[in-house]
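Letters go in sequence order (proteins before strands), and every chain restarts at 1. Excluded from the calculations below are hydrogen atoms, water molecules and symmetry mates; all remaining heavy atoms, backbone and side chain alike, are included.
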Amino acid sequence: MNRKPVFLYSCLCFGFAFFYVPILSMIFFSFNKSRLATVWGGFSIEWYGKLFANAQILKAALLSLEIALLSATLATILGTMAGLALSRFRRFRGRTLFSGFVTAPLIMPEVITGISMLMMFILMAEWIGWPGSRGFTTITLAHITFSMTYVTTVVQSRLSSMDVSIEEAAMDLGSRPWQVLKDITLPVISPAILSGWLLAFTISLDDVVISSFVSGPGTTTLPILIWSKVKLGVTPDINALAAIIVTVVAVCVAIAGVVMYRQEQRRERDVQMALRANN
Amino acid sequence: MASADTVSEAPDTAEPARRGGLSAWFNRNGWKQTVIAVPFTWLFLFFFIPFVIVIAMSIAVRTETSPPFSFVGEFPFVNTANTLRLFEDSLYIRAFLTSIWNASIATFLCLLIGYPMALGLTRVSKGWRNILLMLVVLPFWTSFLLRIYAWIGLMGANSWLNRLLTGIYNLVSPDAPLHHIQMMNTNFAVILVTVYCYLPFMVLPLYANLEKLDLTLNEAAMDLGSKPFQVFLDVTLPLSIPGIIAGGLLVFIPASGELVIPILVGTASDPMIGRVISDEFASARDWPMAATVAVALLVLLVGPTMLYNHFEARAQAAAEPKP
């Protein structure tokens, strides 16, 4: 029974090779001297230099970061409220419609979300004169709308697994709803809120379809810029950009993993200590 | 300890009655209404209204005005020409079939690659498992576009992968040697990149499902004389069907409406439905037709989505402790 499952292990190896060979190949060719992005012509880091000298890319990256920070923060506030509403209030008028609003954007194809929002913005501009031009505001509004439902999903699942009796105990001891929320519920679900924010941030930073529909001329986010460059073919500076993004993400994910692992260890140790103290 | 608590609590309980302002209002009655109304209003304005606009647009008529549509002036106020065109023009039916075909094949391949991976993940040691799970999620946090771009580099006529595959092909059949294998701008490329991008969505729900299975069942079956593969067919596979369905739909639903992958690596002669919607809207400036195709795609996705919700609800019910 304790034989090593050789077949499964080789499938794992194949799967991870499938995941990572394209990414590693892309990083490898970012150090390529040749202009042809896929033929090796010697080692060089000139593409990284060119990348950092490219004002257009830096401007687009900065715009993307601004939109992602703003939209993720607002999406987290709205999404957390929606999560609280759905999991703490079992009955209110329009609850079915509300939960439909929360799940539908998750399965809506991006192209339809993009077109429907663009149609609305154009009609609004026609009828009420706002938004006058499409760009930062319209992209941020669109990103908030479709990323808040991801936050809601994360927060809602944490809330439903949380022990409600703590909240009830606080209520019984005379806490007001606002105090319960501030002192108990929010601190308990704060890791879920944080991961919801990170999810919303990444989704916003990564979005190309919806952004390209609702953006106007002159507002180029990083994905829109990459999109227009990739359509023209493979270029070495995109390889360099990709290498930087993958490295940054890998470092962040590794740090988050280590921090979470440490916390888990400490929690287990605390539980052990508490149990021993009780005995 | 208890006495200290009561002392410190006394001023606290008295305070909210005296304190006015926002928090008092919040405590009196506002908090429930606020928490419900704010996100509800937001989703109503920025999700529901655009959605209604698309539905309404699908029964409008295309005009040369700006914005390029108007509604039929007389009874029954519904223009069915767009819907009829959907069935008459073979472009739309072909696009739908291509989308369903590509998404189905991609889902099947994801299952074929993802299932053994998920099962393998449940069999490695705990330390390795955390690292490997992180490696499954990692590509998801990097840019979607760059993952497609990585494959564009690999599939090009001059890439090392293409030359390697061409070399192998020419070794196997030396009669008709190829210069290179045409991978870019084919339907095969669309399926391959879709599998690559959506594989984590298959592995993670499958792993979550397989991880919960009781290994003692496998041991019991082995003790009773079943071969490992027989145990897999009779025990593991039937128990993992909820995970297969969840993962399959998480791949199928987004894959069928995919826009970026077919535009970057697919062919223009065999478009998928997402591209048709985008072209109708942006190139042909035919808003009503784009909306009609969009509504048709949504109708197509309703079935799989309801299936997904049904199985999710069942999985949730099964996860809750029995009384």
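Side-chain contact between B/Pro67 and A/Glu126: present, with at least one pair of heavy atoms (C-beta onward) separated by less than 4.5 Å. Contact of the A/Val111 side chain with the B/Ile273 side chain is not registered, since no non-hydrogen atoms from C-beta on lie closer than 4.5 Å. Side-chain contact between A/Ser116 and B/Val52: absent, with no pair of heavy atoms (C-beta onward) separated by less than 4.5 Å. Put simply, the side chain of B/Pro200 reaches to within 4.5 Å of the side chain of A/Phe19, judged on heavy atoms. The shortest side-chain heavy-atom distance between A/Met108 and B/Phe51 falls under the 4.5 Å cut-off. Between B/Leu154 and A/Met26, every side-chain heavy-atom pair lies at or beyond the 4.5 Å cut-off. At least one side-chain heavy atom of A/Asn239 sits under 4.5 Å from a side-chain heavy atom of B/Tyr149. At a threshold of 4.5 Å between non-hydrogen side-chain atoms, the residues A/Val102 and B/Leu43 count as touching.
The candidate with the highest count of non-hydrogen atom pairs below 4.5 Å against chain B, out of A/Ile144, A/Thr113, A/Ile122, A/Val209, is A/Ile144. Ranking A/Ile115, A/Ile226, A/Leu97, A/Thr149 against chain B, the residue ahead of the rest is A/Ile115, based on heavy-atom pairs under 4.5 Å. Of the listed residues B/Asp223, B/Asn130, B/Val124, the one with more heavy-atom pairs under 4.5 angstrom with chain A than any other is B/Val124. Of the residues considered (A/Pro109, A/Ala242, A/Pro105), A/Pro105 shows the highest number of contacts with chain B, using heavy-atom pairs under 4.5 Å. Annotation: maximal heavy-atom pairing with chain A below 4.5 Å, among B/Ala291, B/Pro139, B/Pro304, B/Ala290, occurs at B/Pro139. In terms of non-hydrogen atom pairs under 4.5 Å with chain A, the most contact-rich of B/Val195, B/Ile53, B/Asn162 is B/Ile53. For the set B/Asn309, B/Ile263, B/Ile253, the count of heavy-atom pairs under 4.5 angstrom toward chain A peaks at B/Ile263. Between chain A and the options B/Leu297, B/Leu250, B/Leu264, heavy-atom pairs under 4.5 Å are most frequent for B/Leu264. Chain B forms more heavy-atom pairs under 4.5 Å with one residue of A/Leu86, A/Leu78, A/Ile245 than with any other, namely A/Leu78. Put simply, of A/Ile238, A/Val253, A/Val246, the one with the most heavy-atom pairs under 4.5 Å next to chain B is A/Ile238. Most heavy-atom pairs under 4.5 Å with chain A, from the set B/Ala294, B/Ala282, B/Gly114, B/Ser256: that is B/Ala294.
In this structure, chain A has heavy atoms under 4.5 Å from both the backbone and the side chain of B/Leu132. Proximity to chain A (any heavy atom under 4.5 Å) is restricted, for B/Met57, to the side chain, taken from C-beta onward. Within the 4.5 angstrom heavy-atom criterion, only side-chain atoms of B/Leu301, from C-beta onward, approach chain A. For A/Leu199, the parts sitting under 4.5 Å from any heavy atom of chain B are the backbone and the side chain alike. Using a 4.5 Å cut-off between heavy atoms, A/Thr145 touches chain B through backbone and side chain atoms alike. For B/Val137, no part lies near chain A; criterion is any non-hydrogen pair under 4.5 Å. Contacts of A/Leu118 with chain B are made by side-chain atoms alone, with heavy-atom separations under 4.5 Å and no backbone atom involved. The contact between A/Val208 and chain B is made entirely by side chain atoms (from C-beta outward), counting heavy-atom distances below 4.5 Å. Heavy atoms of A/Phe98 lying under 4.5 Å from chain B belong to its backbone as well as its side chain. Within the 4.5 angstrom heavy-atom criterion, no atom of A/Ala256 approaches chain B.
Between the side chain of A/Tyr9 and the main chain of B/Arg123, a donor-acceptor pair closer than 3.5 Å is present. Without hydrogens or angle criteria, A/Tyr20 side chain to B/Leu135 main chain gives a donor-acceptor distance under 3.5 Å.
Within the structure, side chain to side chain donor-acceptor pair (under 3.5 Å) contacts touching residues 132-147 of chain B (residues at least two apart or in different chains) are A/Asp206-B/Ser143.
A/Tyr261 OH: 12 or fewer foreign heavy atoms inside a 6.0 Å radius. Within 6.0 Å of CZ in A/Phe7 there are 12 or fewer heavy atoms belonging to other residues, nucleotides or ligands. Residue B/Phe140 qualifies as open at atom CZ: its count of foreign heavy atoms under 6.0 Å is 12 or below. Around atom CE of A/Met260, no more than 12 heavy atoms belonging to other residues, nucleotides or ligands sit under 6.0 Å away.
The aromatic rings of A/Phe101 and B/Phe44 sit tilted relative to each other, their planes meeting at an angle between 30° and 60°. Between A/Phe18 and B/Tyr196, the ring planes lie perpendicular to each other; the angle is over 60°, past the 30° to 60° tilted range. Relative ring orientation between A/Phe213 and B/Phe281 is described as perpendicular, the plane-to-plane angle rising above 60° on a 0-90° scale split at 30° and 60°.
Note: B/Leu145 CG to A/Leu241 CG = 10.5 Å, rounded to the nearest 0.5 Å. For the atom pair CE (A/Met81) and CD1 (B/Ile36), the distance works out to 10.0 Å, reported to the nearest 0.5 Å. Here CH2 of B/Trp287 is found 5.5 Å from CG of A/Leu123. Values are rounded to the nearest 0.5 Å. Rounded to the nearest 0.5 Å, atoms CE (B/Met117) and CZ (A/Phe14) are 9.5 Å apart. The line from CG of A/Leu12 to CG of B/Leu121 is 5.0 Å long, rounded to the nearest 0.5 Å. Taking CH2 of B/Trp42 as the reference point, atom CE of A/Met148 lies at 8.5 Å (rounded to 0.5 Å).
A search for ring-ring contact (aromatic ring centres under 6.0 Å, His included) contacts involving B/Phe69 returns B/Phe71, not counting sequence neighbours.
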* For the pair B/Ile148 and A/Val230, evaluate side-chain contact (heavy atoms from CB on, under 4.5 Å) and give the outcome as yes or no after the intermediate values. => CA-CA 9 Å; B/Ile148 304 172; A/Val230 169; over 6 Å; no
